[in-house]
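First up is the structure itself, then whatever we jot down about it.
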Amino acid sequence: MCGIIAYAGHAPAAPELFEGLRKLEYRGYDSAGITTLDRGRLYTAKRAGTVEGLRVDLNNLCGTVGIGHTRWATHGAATAANAHPHVYGRFSVVHNGIIENYSELRSELISAGHAFSSETDSEVIAHLLDVYYDGDPVDALRLTCARLKGCWAIAALCTEFDGYIVTRRGSPVILGRGKGNYAASDIYALSGRAEKYSIPEEGDFALVTPDKITIFDEHLNEVVRPFDILKSNFSEVGTDDCPHYMLKEIRENARTMRATCRAFSSLDLSAVRTRLKCADKIVLIGCGTAYNSALAGVRLLGGAYDCPVSAHIASEARYNPPRVTGRSVCIAVSQSGETADTIMAARIAREAGAYLIAMTNVGYSAITRIADFVLPVCAGAEICVAATKSYIGQLACFHLLSAGTSPSVRDCALENISKKVEEIALDDTYAPGIAKLCVQSRAVFFLGRGYDVDVATEASLKLKEVSYIFSDGYPAGELKHGTLALVDESVLSIVIICDGALAEKSKNAVEQILSRGGKVAVVTTLPPIYAALSGRVQAVWLLPEVPSHLSHFLSSTALQLVAYHAALFAGHNPDKPRNLAKSVTVE
Ligand code: M6R
């Protein structure tokens, strides 16, 4: 969603905040702003568009204390007026989350004579702070939060205090100590600056000056929260020699598989395996790509454990939760570990008695703090909004979890497959051609059976997300029950044929499409399919032959590349799809 950064130190604040915002920009990129504070005066710059637009303002932003924000619009268009920080009276505020009761609060404040300068839900926070301020900024923040409904991470400046205040409820914020005192929506923004970090508890307040961070609980009792050493050096997160994060991250698929294998081999999974073996059911929850990996998880875990396994979209499951008992296991899948719907659905399952496993790429995220066990997806920082290597890492996790014993790195089958994934990710022979067919088409269907249908579902999400081409992922056998009506020469069907047991059936789908004049591209690991369809369809990409249950690593990597090239042909930046944000911390 949005990204927040705050700094109090002895260096000029504006460049610190600007660099932090650049690292947070993947969270939201429709507008950005900074306020600094110098000797009781607020200096604010806000612009629609990317963080880069603020560069021209940096020299005008004085002071060594400040707050910054990069926005993903929820209330009000992406304009400079709606960009954060919102300034009212003595306060300037940045907010991540949603204030559900903002219209009541706004009406109340307008009746009391307040004038608003934006359409956002967030601006009420600045007004309330000014109303409740009586010499103590933290108390003003406590009183303000008591009026709010929804979720928030807030950082605010007050003209009468040389520092900033922070709080969170339901949205992430991390405090950092290093060359100054920081607060940020995620750890990437702190990398290279903070040496230690601390995650405040829900409802905590922090009073941050250039020399000190003081933390209070929700009743304003001063508390000590642990600060851990910030080990990972995310400051080196860049695109390497790739033109985009998306390509770089696809090329890290193989590394993710190997790192996840290594992490599993050093985990004590005995409690988890016992839970899974004795479970009356296993429920998997997630959103978007994480849900799509859960679909593969159903197949893999279903073959390994003697109980029903089901996948649930978290935004549905939280309102219509799958029934669980004290013997059930719930696996919440989330790259960021911050997705509001997934956290809520996971919390409900845990409260109903289920053993909660968080499968996440972000070790310090919110989901890890409510889980009984954390399964690490070792993808490293994933910056592109479209999930690629984290999906591959989630697949690897499901494989490792369904393996009978804890696999060592050496004999891990995934280790061998990862070499083939590496080769595919570097191959640009086939993906651009299939991508060109996509952009020349009115719609693209991804079809498959068995293991391949899960790949089709995720490949379709990837294509629509970065190329904006209409697409659907579909079981090939369902074609004749309705979808075939849409097939003509303007529609491309990409048929994935890697599940050996069902290959002939999938080939039938190709025949059905061809006989109706539809265009077909095939992605297969099976030489006989390649031989049978070469020359008869628009394109066939032959991948290395591997066992069916491992083929999704290869076919997914291939189709991620197709989506990437389709975005380029369509003239879009694949790293920042329109209307989307990386981390969906609102409901
Ligand atoms: O961080 P999460 O895995 O919980 O995020 C879930 C979805 O928002 C995410 O997978 C989204 O669908 C991606 N943009 C897909 O590429």
Distance-only side-chain donor-acceptor flag, [X] / [Y], under 3.5 Å:
X: N573; Y: Y245; result: no
X: E458; Y: S293; result: no
X: K462; Y: S556; result: no
X: S490; Y: D488; result: yes
X: N253; Y: E422; result: no
X: T483; Y: Y474; result: yes
X: S493; Y: K519; result: no
X: D280; Y: S328; result: yes

Problem - Ring-face cation contact, Y468 with R578, 6.0 Å cut, 45° max - result: yes
Around atom [atom1] of [X], are there more than 12 heavy atoms of other residues, nucleotides or ligands at under 6.0 Å?
X: F569; atom1: CZ; answer: yes
X: K480; atom1: NZ; answer: yes
X: R255; atom1: CZ; answer: no
X: D306; atom1: CG; answer: no
X: R442; atom1: CZ; answer: yes
X: K436; atom1: NZ; answer: no

Handout entry: Test: E382 and K248 ion pair at under 4.0 Å
Key = no
Return the orientation label for the [X] and [Y] ring planes: parallel under 30°, perpendicular over 60°, tilted otherwise.
X: H399; Y: H549; value: tilted
X: W541; Y: Y430; value: parallel
X: F470; Y: F445; value: perpendicular

Exercise for the section: Would you confirm whether T457, through its side chain, and V453, through its main-chain N or O, come within 3.5 Å as a donor-acceptor pair? Expected result: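 At least one qualifying donor-acceptor pair exists.
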Exercise for the section: With the side chain counted from C-beta on, respond yes when C330 and I357 share a heavy-atom pair under 4.5 Å apart, and no when they do not. Expected result: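 A side-chain contact is absent here, since even the closest heavy-atom pair is not under 4.5 Å.
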Exercise for the section: Could you tell me which residues satisfy side-chain contact (heavy atoms from CB on, under 4.5 Å) with T274, sequence neighbours excluded, listed by chain and number? Expected result: C278
Completion exercise
Sorted by chain and number, sequence neighbours left out, salt bridge (Lys or Arg N to Asp or Glu O under 4.0 Å) with D372 holds for R350
Problem - Straight-line distance of R251 CZ to I424 CD1, nearest 0.5 Å - result: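 The distance works out to 13.5 Å.
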Handout entry: D499: side chain to side chain donor-acceptor pair (under 3.5 Å) partners, not counting sequence neighbours
Key =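 So D499 forms no side chain to side chain donor-acceptor pair (under 3.5 Å) with any residue.
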